[in-house]
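Down below is the structure, laid out as structure tokens.
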Amino acid sequence: MHGRYEPQEIELKWQEFWKRKNIFKSRKDTKRKKFYCLEMFPYPSGKIHMGHVRNYAIGDVIARYLRMRGYNVLHPMGWDAFGLPAENAAIKHGVHPARWTYENIAYMKAQLDRLGLSYDWQREITTCQPEYYKWNQWLFLKMLERGLAYRKASFINWCPSCETVLANEQVIDGRCWRCDSSVTQKELEQWFLKITAYAEELLRDLDTLKGWPEKVITMQKNWIGRSEGAEVIFKIDGTDEEILIFTTRPDTLWGCTFVCLAPNHPLADKLVRDKDVLKEMKGFYGDPLIKLGHFTGYYAINPVNRKKVPIYIANFVLMEYGTGAIMSVPAHDQRDFDFAKKYNLPIEVVIVPERDVMSERPDRAYEDEGYLINSDKFSGLHSIEAREKIIKFLEENGFGKRKINYKLRDWGISRQRYWGTPIPIIYCDKCGIVPVPEKELPVILPEDVRFTGKGGSPLLESHEFLITSCPRCGGRARRETDTMDTFVDSSWYFLAYCLKEEGADLTLEQSSSLEPHQYPRKSDDFLVTPISYWMPVNQYIGGVEHAVLHLLYSRFFTRVLRDLGIVNFSEPFTNLLTQGMVCMESLKCPEHDWLFPSEVKDDKCIHCGRPVEHGRVEKMSKSKKNIVDPDDMIKRYGADTIRVFSLFAAPPEKDLEWSASGVEGIYRFLNRLWNFVQALSSEIRDQNTETSGASRSPSSNLSIVRLTHRTIKRVTEDIEKEFHFNTAIARMMEFLNELQGYVSQKTKGYSEEERAALRFAIESFLLMIGPFAPHIAEELWSQLGNKPSILEYPWPEWNEELARELEYELVIQINGKIKAKIMIPDGLSDDEIKERSLAEPKIKEAISGKNIKNIIVARKRLVNIVLGN
RNA sequence: GCGAGAGUGGCGGAACUGGCAGACGCGCUGGACUUAGGAUCCAGUGGGCAACCGUGGGGGUUCAACUCCCCCCUCUCGCACCA
């Protein structure tokens with residue numbers, strides 16, 4: 001009698017087994033090829049959601065598959081544990097952020113284990129621990145030494161609700177990325193990291209990232225925003241002042257009819273008499289498309305033609321980009337054109353689409369390339385050529401110089417918050433800004449503080465923390481109370497996993513690839529440090545939402561570490577997979593608003609019986625209640641079903657639509673597999689456990705042997721081809737369908753040869769499904785009399801000859817229309833194929849009396865007979 | 001506006017280098033087993049009675065187009081006064 005498929009039972013059993021055998025432990029081994037498979041570590045928010053499940057299921061299949069392919073795989077997991085929600089919980093519920101965080105970690109870790117994810121937990125990292133954030137502080141000091149960290153007062157993005165500063169990357173449409181409140185500007189002293197020092201390199205090297213999605217590369221390129229042009233000096237008529245402007249179109253200099261300054265440009269205060277107007281413009285945050293200007297009464301002198309042009313203050317000019325001042329060429333820039341029309345300023349055409357053609361009065365700006373007119377000796381040149389020559393002309397005459405600008409700004413990392421890495425700085429009245437000496441690291445975040453939610457960081461009230469002595473003069477001094485942006489933590493965490501190498505308690509400092517002096521000489525590969533062995537990450541997997549933030553910062557940090565001699569590479573992630581979102585239809589009751597899927601039965605609201613409205617399919621969200629809880633799903637179907645479903649419903653890079661009946665379908669599939677193996681296990685069970693687990697291919701030519709080889713080939717190719725797990729799983733479903741068909745047609749008993757063939761088919765099946773549904777694979781593997789663990793067996797191999805189909809269906813077309821299909825043996829020559837096609841009765845009939853113009857043979861596919869008229 | 005990607009049955013999605021459109025799953029229809037079926041198994045399932053017609057729309061290249069080229073439409077995502 002065979003038992004039912006009970007996922008709860010077998011999954012817990014094998015999870016326990018894997019844990020006991022410590023089967024996912026990874027160790028550096030220079031004799032083996034390594035593979036570092038990494039998923040973006042989660043913020044311990046409380047519980048995992050389906051997005052996590054999908055992300056980690058993808059990573060787990062890759063890790064498990066590559067282990068089977070013989071790689072030494074590093075597959076770690078950790079916690080991005082600092083951050084605002086912990087502090088908010090403290091304010092709201094009175095729980096200490098540390099306690100809240102650690103409790104969440106414990107719960108979520110159990111959830112991940114329940115999914116059967118193959119992590120090496122011995123390498124777990126938690127960023128809120130001093131042993132981790134010590135290295136944030138150390139790196140900060142190293143950057144400070146090199147001028148890569150600095151302090152400046154600046155207008156910053158301020159979220160009034162979170163009472164903190166936001167990085168540019170954290171402002172979305174003028175709103176806080178986290179709480180969605182409107183962001184305001186505020187001037188504060190901040191610590192910055194000089195990512196702009198690497199702007200050029202970060203941009204250039206994007207082209208080397210062949211394993212990254214084009215989309216992410218483009219987003220980073222746009223973010224860095226390089227533009228080439230010139231800075232030009234305009235003297236202000238009747239004063240000693242000058243205005244420095246930036247332009248990407250020096251070829252249009254002769255068409256400049258006015259100059260604009262940003263409202264917060266330093267010169268604006270000097271030039272504008274009416275301070276109220278200026279104040280109003282500075283505070284203007286209305287529709288940016290409405291052009292506002294104010295004439296200063298002053299004129300600037302265009303250096304190239306000595307022409308006097310009016311100076312305006314304009315709301316559309318940004319102080320943060322370029323020089324905060326522009327030359328306006330209304331004929332060739334639409335914004336300038338709109339402005340000129342509004343304030344009745346002259347428009348002078350200096351570029352025309354075709355040589356020597358005079359232009360008519362334009363009704364819009366001509367922004368394309370063309371030929372110069374009215375530009376002195378440069379007239380007649382093509383604009384691209386003119387740009388170069390004019391820049392030279394500017395430089396020779398001291399009018400200006402070549403200049404490259406970037407949109408990328410330095411990264412403000414100060415946060416007026418408690419739950420983060422303390423910035424290791426001391427302020428002394430006598431000595432000024434003094435870095436905490438390295439040997440005093442880490443600066444520990446004090447735990448006994450109060451959370452009121454008012455007036456900034458609780459650290460300000462912690463006198464023990466705040467008041468210290470100056471490392472230089474010993475006098476009374478004050479600590480920096482700002483903490484670091486949590487994106488600092490995640491900018492190098494992938495290295496921290498490497499450092500947790502067994503038997504080598506390493507630090508970042510010691511891990512320098514150039515001087516492996518501290519690394520224990522236990523083996524002959526001691527010269528290879530864990531970082532240089534494991535890095536770079538071969539496959540990184542996570543959401544696109546980190547396309548610029550985290551992924552750009554990580555690339556920046558890696559370069560800093562490279563220049564410090566700690567790592568010997570520039571790019572941390574060789575291949576990047578940005579998985580799609582998990583979506584679901586939202587459901588709405590006219591009476592009860594949004595409904596959870598569990599509140600709907602037969603398309604009706606369970607509370608009032610009204611028919612539900614079906615909303616859009618969009619990202620799962622609590623507010624629209626279109627969510628499913630991984631815990632519920634696991635309880636109902638087990639981890640294997642959830643894993644397989646989230647890999648089957650869509651290819652990894654696309655959005656996945658959650659479907660309750662789709663999940664059922666996968667559960668049925670696993671049940672069918674279970675029952676199939678159960679029914680056959682007495683036939684094919686290997687009594688001799690010593691020699692079991694071979695899964696060697698029988699040399700026989702039986703159809704199921706061939707089918708097995710063919711399936712192995714196709715599944716392997718699907719996985720290798722951009723991880724198309726959805727089709728790989730479809731192949732396995734087909735495989736099961738065909739095996740069932742084979743078995744159900746069987747009336748007599750099995751021959752020895754057939755038994756061997758079936759055993760081979762099933763074992764190959766289990767090995768292939770293993771990375772996807774590891775528990776059922778392990779259980780059935782052992783039920784066949786094999787010694788666990790299935791994880792110790794390699795990925796099955798196929799034989800090209802046995803994977804070949806002996807005969808195939810040939811499609812016969814006449815003039816491109818299908819007329820017949822015949823089975824023919826593989827390996828026929830083109831002539832033989834033609835002959836057989838023409839001999840087919842239906843074809844014979846169709847072509848009788850007609851003139852055959854041509855016959856095209858597409859091997860293994862079709863024949864197309866082209867008839868003349 | 002700029003940049004990127006995508007439009008295929010009732011639904012999610014397949015389709016190699018141009019070579020049978022719709023694999024696989026869901027749903028649906030019919031049947032078997034059953035006291036019962038929301039379990040399981042079997043069969044069918046793009047449209048059309050047919051010739052034929054079908055991959056957002058229109059043109060083109062080709063013996064052959066979901067696939068290549070041109071024009072247009074729609075949707076999604078990212079950036080958005082960056083001079």
Side-chain angles (χ1 to χ4, degrees), chain A residues 172-173 213-223 225-227 229 245-249 252 260 262 287-291 314-318 320-329 332-336 338-339 367 405-408 544-545 547-548 580-581 583 585 602 617-618 644-645 648-651 653-666 668-669 671-672 675 714 717-718 721 724 726-737 740-741 744 809-818 820-821 853-867:
Chain A
I172 297 145
D173 290 331
E214 195 57 44
K215 183 195 171 96
V216 175
I217 305 244
T218 310
M219 283 169 76
Q220 292 211 355
K221 277 186 181 167
N222 291 342
W223 192 262
R226 179 186 200 270
S227 49
I245 63 99
F246 173 71
T247 179
T248 54
R249 294 294 302 268
T252 63
C260 293
D287 184 352
L289 293 175
I290 296 168
K291 305 264 176 291
N315 71 326
F316 69 93
V317 179
L318 305 169
E320 304 84 58
Y321 184 74
T323 60
I326 59 162
M327 66 163 192
S328 287
V329 184
H332 305 295
D333 183 295
Q334 193 57 42
R335 292 160 303 178
D336 296 346
D338 295 342
F339 193 90
E367 294 182 331
N405 265 327
Y406 300 92
K407 282 191 227 173
L408 184 71
V544 240
E545 65 272 20
V548 265
M581 297 180 303
C583 300
E585 181 186 60
D602 298 328
V617 172
E618 53 196 327
V644 175
F645 176 75
F648 174 70
E653 70 279 4
K654 288 217 207 162
D655 285 353
L656 177 149
E657 187 181 335
W658 192 267
S659 140
S661 47
V663 177
E664 295 272 357
I666 300 300
R668 277 203 283 272
F669 165 59
N671 264 292
R672 280 200 295 133
N675 294 332
R714 291 161 79 187
E717 284 172 354
D718 280 346
K721 200 186 96 194
H724 278 186
N726 54 332
T727 51
I729 293 165
R731 301 284 166 247
M732 289 190 262
M733 289 171 166
E734 270 178 281
F735 189 29
L736 182 59
N737 292 346
Q740 280 186 319
S744 70
E809 193 180 55
L810 179 80
V811 173
I812 308 170
Q813 298 180 327
I814 293 178
N815 291 338
K817 299 245 192 296
I818 298 158
K821 294 180 180 183
K853 219 161 115 188
N854 195 5
I855 301 180
I856 286 131
V857 179
R859 274 287 172 86
K860 291 213 179 188
R861 290 180 213 275
L862 54 69
V863 165
N864 191 6
I865 300 165
V866 188
L867 298 179

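Every chain is numbered from 1, with letters handed out A, B, ... down the list of sequences.
- In this structure, the CD atom of A/Glu717 is 13 Å from the P atom of B/A15, given to the nearest Å.
- For A/Tyr321 and B/A83, the shortest distance from a side-chain N or O to OP1 or OP2 is below 4.0 Å.
- Among the atoms of the strands shown, only primed sugar atoms or phosphate atoms (P, OP1, OP2) are found under 4.0 Å from some heavy atom of A/Glu657.
- Only the P atoms considered, B/G19 is 11 Å distant from B/C68, to the nearest whole Å.
- Using atom P as the reference point in both B/A32 and B/A21, the two lie 36 Å apart (nearest Å).
- Atom CZ of A/Phe648 is separated from atom P of B/C26 by 8 Å (rounded to the nearest Å).
- What separates CZ of A/Arg861 from P of B/A21 is a distance of 13 Å, to the nearest Å.
- For the atom pair A/Thr247 OG1 and A/Met327 CE, the distance stands at 3.5 Å (nearest 0.5 Å).
- Side-chain nitrogen and oxygen atoms of A/Lys721 include at least one within less than 4.0 Å of the OP1 or OP2 phosphate oxygen of B/A15.
- In terms of phosphate contacts, A/Thr727 brings no side-chain nitrogen or oxygen within less than 4.0 Å of OP1 or OP2 of B/G13.
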### Task
Using the side-chain contact (heavy atoms from CB on, under 4.5 Å) rule, take A/Val548 and A/Gln220 through it: C-alpha gap first, then chi angles, then the decisive distance, then the call.
CA-CA 6 Å; A/Val548 265; A/Gln220 292 211 355; 4.3 Å; yes

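- To the nearest angstrom, P of B/C24 lies 11 Å from CZ of A/Arg672.
- Taking the side chain of A/Asn737 as heavy atoms from C-beta on, and the options B/G25, B/C77, B/G3, the nearest nucleotide is B/G25.
- Looking at heavy-atom distances under 4.0 Å, A/Ile818 makes contact with sugar-phosphate atoms alone, never a base.
- Contact annotation: A/Arg668 side-chain N/O to B/C26 OP1/OP2 distance is under 4.0 Å.
- When heavy atoms are screened at a 4.0 angstrom cut-off, A/Glu809 is found touching base atoms of the nucleic acid.
- Nearest to the side chain of A/Phe316, among B/G25, B/C26, B/C81, sits B/C81.
- Two residues, A/Val857 and A/Arg249, neighbour RNA chain B, and the one matched to the more 5' nucleotide by heavy-atom proximity is A/Val857.
- Classification of B/G10 as anti follows from a glycosidic angle more than 90° from 0.
- Among the heavy atoms of the strands, none lies under 4.0 Å from A/Asn671.
- Here the separation of B/C70 from B/G3, taken at their P atoms, is 15 Å to the nearest Å.
- Out of B/A83, B/A23, B/C63, the shortest distance to the side chain of A/Ile856 is found at B/C63.
- Of the C1' atoms belonging to B/C75 and B/U8, the separation is 15 Å, rounded to the nearest Å.
- Considering only side-chain atoms of A/Ala649, the nucleotide from B/G12, B/C63, B/G25 that sits closest is B/G12.
- Relative to the side chain of A/Lys654, the nucleotides B/A83, B/A23, B/A14 differ in distance, and B/A14 lies closest.
- Using a 4.0 Å heavy-atom cutoff across all strands shown, A/Gly665 reaches sugar-phosphate atoms only and no base atom.
- As a whole-Å value, the separation of A/Glu214 CD from B/G78 P is 18 Å.
- For A/Ala650, whose side chain is taken as the heavy atoms from C-beta onward, the closest listed nucleotide among B/G13, B/G78, B/A83 is B/G13.
- Residue contacts shown for A/Val544 are absent, as no nucleic acid heavy atom lies under 4.0 Å away.
- Of the P atoms belonging to B/G10 and B/U45, the separation is 16 Å, rounded to the nearest Å.
- Place A/Asn815 and A/Lys407 on RNA chain B by their nearest nucleotides, and A/Asn815 ends up nearer the 5' end.
- Using C1' as the reference atom, B/U61 and B/G13 are 30 Å apart when rounded to the nearest Å.
- Side-chain atoms of A/Asn222 stay outside donor-acceptor range of the base of B/C79, with no qualifying N/O pair under 3.5 Å.
- Using a 4.0 Å heavy-atom criterion, one finds that A/Val866 contacts the sugar-phosphate atoms exclusively.
- A/Glu585 CD to A/Glu618 CD: the interatomic distance, rounded to the nearest 0.5 Å, is 10.5 Å.
- When the side-chain nitrogen and oxygen atoms of A/Asn726 are compared with OP1 and OP2 of B/A14, one or more of them lie within a distance under 4.0 Å.
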### Query
Going through the checks in order, is the side-chain contact (heavy atoms from CB on, under 4.5 Å) test met by A/Asp336 and A/Ile326?
CA-CA 10 Å; A/Asp336 296 346; A/Ile326 59 162; 4.0 Å; yes

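- No engagement by A/Ser659 is indicated, since no non-hydrogen atom pair under 4.0 Å with the nucleic acid exists.
- The side chain of A/Asn315 lies closest to B/C81, out of B/C81, B/C24, B/A83.
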### Task
Mind running side-chain contact (heavy atoms from CB on, under 4.5 Å) on A/Val329 and A/Arg249 for me, showing each step along the way?
CA-CA 9 Å; A/Val329 184; A/Arg249 294 294 302 268; over 6 Å; no

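- Note on A/Lys221: nothing from the nucleic acid sits closer than 4.0 angstrom, heavy atoms only.
- Once rounded to the nearest 0.5 Å, the distance linking CE of A/Met219 with NZ of A/Lys215 reads 6.0 Å.
- Taking CD of A/Gln813 as the reference point, atom CD1 of A/Ile855 lies at 13.0 Å (rounded to 0.5 Å).
- You'll find the ring centres of A/Phe316 and A/Phe339 inside the 6.0 Å limit.
- Using a 4.0 Å heavy-atom distance criterion, A/Asn405 is classed as making no nucleic acid contact.
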### Dot-bracket encoding per residue of RNA chain B, Watson-Crick/G-U cut-off under 3.5 Å, | denoting interstrand
(((((((..(((......[....)))((((((.......))))))((....))..(((((..]....))))))))))))....

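- The closest side-chain heavy-atom distance from A/Val866 to A/Asn815 is below 4.5 Å.
- Electrostatic pairing of A/Glu717 and A/Arg714 does not count as a salt bridge here, judged by no charged N lying under 4.0 Å from a carboxylate O.
- Residue A/Asn864 has no polar side-chain atom (N or O) positioned under 4.0 Å from OP1 or OP2 of B/C20.
- Among the nucleotides B/C20, B/C63, B/C79, the one closest to the side chain of A/Lys821 is B/C20.
- For the C1' atoms, the distance linking B/A65 with B/U55 amounts to 11 Å, nearest Å.
- Nucleotide B/G18 holds its C1' atom 19 Å from the NZ atom of A/Lys860, rounded to whole Å.
- Separation of the P atoms belonging to B/G47 and B/G9 is 12 Å when rounded to the nearest angstrom.
- With rounding to the nearest 0.5 Å, the separation of CG in A/Asn671 from CD1 in A/Ile666 is 12.0 Å.
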